[in-house]
S.K.: 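Next up is a structure, given as structure tokens.
Note on naming: letters A, B, ... go to the chains in the order of the sequence lines (proteins, then strands), and numbering restarts at 1 for each one. Small disclaimer: the values here were computed from a predicted structure and weren't measured.
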2 protein chains.
Amino acid sequence: MPTSIRDVAKLAGVSVGTVSNVLNRPQEVSADSVTRVHRAIEQLGYVRNDAARQLRVGVSSSVGFVVLDGQNPFFNDVVRGAEDEASRHGIAILYGNTDEDSAREGMYLDLFEEQRVRGVLISPYGDINPRLERLRERGIPAVLVDRFSGNGRFSSVSVDSVAGGRMAAEHLIERGRRRIAFVGGPFEMRQVSDRLAGARVAAESSTERVEIEVIATTALTVEEGAAAGQRLLQRPRRDWPDALFAANDLLALGLLQALVVSRRALVPDEIAIIGFDDNPFAGAAAVPLSSLRQPSRTIGRTALRILLEETSDPTAIPRQTVFLPELIVRASTG
Amino acid sequence: MPTSIRDVAKLAGVSVGTVSNVLNRPQEVSADSVTRVHRAIEQLGYVRNDAARQLRVGVSSSVGFVVLDGQNPFFNDVVRGAEDEASRHGIAILYGNTDEDSAREGMYLDLFEEQRVRGVLISPYGDINPRLERLRERGIPAVLVDRFSGNGRFSSVSVDSVAGGRMAAEHLIERGRRRIAFVGGPFEMRQVSDRLAGARVAAESSTERVEIEVIATTALTVEEGAAAGQRLLQRPRRDWPDALFAANDLLALGLLQALVVSRRALVPDEIAIIGFDDNPFAGAAAVPLSSLRQPSRTIGRTALRILLEETSDPTAIPRQTVFLPELIVRASTG
DNA sequence: AACGACGGATGAATCGTTTCAGGTCAGGAC
DNA sequence: GTCCTGACCTGAAACGATTCATCCGTCGTT
């Protein structure tokens, strides 16, 4: 029932080798054979079986993308960028979402290894360097996304979070804020600790006396942001910071919502807020949100491109691509 | 270099058949062999080659998901639901985004057919019934997502958009609004026309005299919503509607933003707004947005479950699963 | 006429699994 | 001692593509 390359060969009156050649290097086949084979393919509705191809040539036509947080529009944009570039090469994306769960992360890496994917894009959660090393030994390269490769063993595409944190804090300081609360967590996430580090650099290198307080959250979500906002509002007013720097826009939106709904704190007059990512909803928020824009589509596209280069040249030296975020000033920092 | 099942067999001192049995039906193998094989696997770091497995048994361990609009949080949630269910079965998701482009849609269906995926989830854009029929003939079932199967030839999981449209309009009418503008488009999208149809039903079955005006957009995006809002504000004030029903939350957020930023129209006092989807950002908007919540995760999960059932029983009768949306009232409709 | 070169076509071998028809062996029934 | 029954294993065939050593004609050269 399922038609194979042999059926095509028979109908076209040529050998299977010729059919394969028509499919893969038509220039080495006579024009006559090409048309006959194409006609046969058309007539039978033949579609090449990629599993057989992959088994023989040993290389798959898909790449895996392990995403940290499928809810986050930032990652969706990154995936979009990668998917866009992949489709140009006839490559499909195997999508795995870990939701910050090491077990799921490992599970997807296993799955992708079984599939012998061409390569893996990953925004890592746990310590997966050993896993990635192992994949590489097996000829599956990996590119880290939204994460700088600490030891330089892998290529990575990320945004300079330290610089971004610094830009955010400098902006707040310049606007006259002196008591900044950094809202974010968990701090095992490199992006989170980097953004805080950047903010601290800004505070220390300022001529003014600037305090940085840390309000820890357990995740980068709207809910956690709102909860943090609630906690803040319960303090006596004199203990309030005059600015909030949220580790990402989801948190910032949650914070904003808590402050606006309570009507107890004016944004930005009493408390300014700045986020990170500039996700598509930041500009549409209660008070349009200042943020640091990441070139998310470009990140995905670039990561996929590097991955493909590494698959064709396994000896390539890993390279770290770092983009600078862009400060977007809106009403929330007035 | 790459280790195969044969290497494992040799090291464990058994035949390849036994290794395969250990992997696939351990209960039929002696305990002794099982442990020896496992030890060998461990030692060699063997990972089964899924392409070879797939070639032999003829069934892949991935399903394709063709998504209409990767930017839309609603679809991301649906994907999440599907992915969650899939991971339970050791199945990976091949992710394809069409961005409402028939060419891309066809491209992904081709790609998935080459991969001989287990099945396809799709939120269709163009008229792809013939393509899906063809896939089915080849043993690849498809489940329509967020779209009712017109001719009942395929299973589908969707939300009753007519009912939702009706609920939205009834809510506005009940709140005293009489001049409702429906903002949405293109109308080829079934969801859009259904939501409008529902609103018309509500208007006609009301005891009051209710006008429904249509403001067409070219896409369901924040930008289109904002643009529609601008156009609206340019009219003389006496021609303004007193309520806007947006075909989805992205549009609604855009509308809201246009009205709020201009400060010319009070929401909801002068103009009420209701959206559709209840995406995670609707509640965090300038004026928290009323909306119709779709059980997006559940939709994805259900669709995948049905797909798997159909792969195991190809004679199953297609079934249409329809969820009812839930009215979420927030400040934007006072 | 002999020879070499070359464009094309051929088909067997191969990739790494799963499956299945048989084979081996120990133990139980008679 | 013979036969039967299971439990367990074995190894070759098969899946559908790609590749490559060969072969076949034709044509140009000498």
S.K.: Between A:Arg104 and B:Glu83, is the closest basic N to carboxylate O distance under 4.0 Å?
M.R.: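 A salt bridge links B:Glu83 with A:Arg104.
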S.K.: Between A:Leu135 and A:Val120, does the side-chain contact (heavy atoms from CB on, under 4.5 Å) criterion hold? Intermediate values first, please.
M.R.: CA-CA 9 Å; A:Leu135 283 178; A:Val120 171; 4.3 Å; yes
S.K.: Using atom CZ of A:Arg56 as one end and atom C1' of C:dG16 as the other, report the distance to the nearest whole Å.
M.R.: 12 Å
S.K.: Would B:Glu85 and B:His89 count as having a side-chain donor-acceptor pair, cut-off 3.5 Å?
M.R.: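 The answer is yes; a qualifying pair exists.
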S.K.: Mind checking if A:Ser30 touches a base, just sugar-phosphate, or nothing, with heavy atoms under 4.0 Å?
M.R.: sugar-phosphate
S.K.: Distance alone, cut at 3.5 Å: any donor-acceptor contact between the side chains of A:Ser4 and A:Asn49?
M.R.: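 Judged by distance alone, the side chains do not pair up.
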S.K.: Please confirm whether the shortest side-chain N or O distance from B:Arg48 to OP1 or OP2 of C:dT18 is below 4.0 Å.
M.R.: yes
S.K.: Is the shortest side-chain N/O distance from A:Ser15 to OP1 or OP2 of C:dT10 below 4.0 Å?
M.R.: yes
S.K.: To the nearest Å, how far apart are B:Gln54 CD and C:dT18 P?
M.R.: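 After rounding, the reported distance stands at 12 Å.
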S.K.: Touch check for A:Asn24, heavy atoms < 4.0 angstrom, all strands: base, sugar-phosphate only, or nothing?
M.R.: sugar-phosphate
S.K.: Nearest whole Å is fine: how far is C:dG16 P from B:Leu23 CG?
M.R.: 15 Å
S.K.: Specify the separation, in whole Å, of atom CD of A:Gln27 and atom P of C:dG8.
M.R.: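 One finds 11 Å between P of C:dG8 and CD of A:Gln27, rounded.
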S.K.: Tell me whether the side-chain N or O atoms of B:Arg53 pair up with the base of C:dT17 as donor and acceptor below 3.5 Å, since no angle test is needed here.
M.R.: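 Checked by distance alone, the answer is no.
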S.K.: Output yes when a side-chain donor or acceptor of B:Asn24 lies under 3.5 Å from a complementary backbone atom of B:Ser20, and no otherwise.
M.R.: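 Checked: pair present.
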S.K.: Would you mind classifying the nucleic acid contact of B:Ser4 as base, sugar-phosphate or nothing, using non-hydrogen atoms under 4.0 angstrom?
M.R.: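 Sugar-phosphate only.
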S.K.: What is the first contacted nucleotide of DNA chain D and what is the last, in 5' to 3' order, if contact means an atom lying under 4.0 angstrom from a heavy atom of chain A?
M.R.: D:dG16 to D:dT19
S.K.: If you look at every strand shown and take non-hydrogen atoms under 4.0 Å, does A:Val29 touch a base, only sugar-phosphate, or nothing?
M.R.: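 Sugar-phosphate, backbone atoms only, no base.
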S.K.: Is the terminal nitrogen or CZ of A:Arg190 (NZ for Lys, CZ for Arg) located under 6.0 angstrom from the six-membered ring centre of A:Phe148 and within 45° of that ring's axis?
M.R.: no
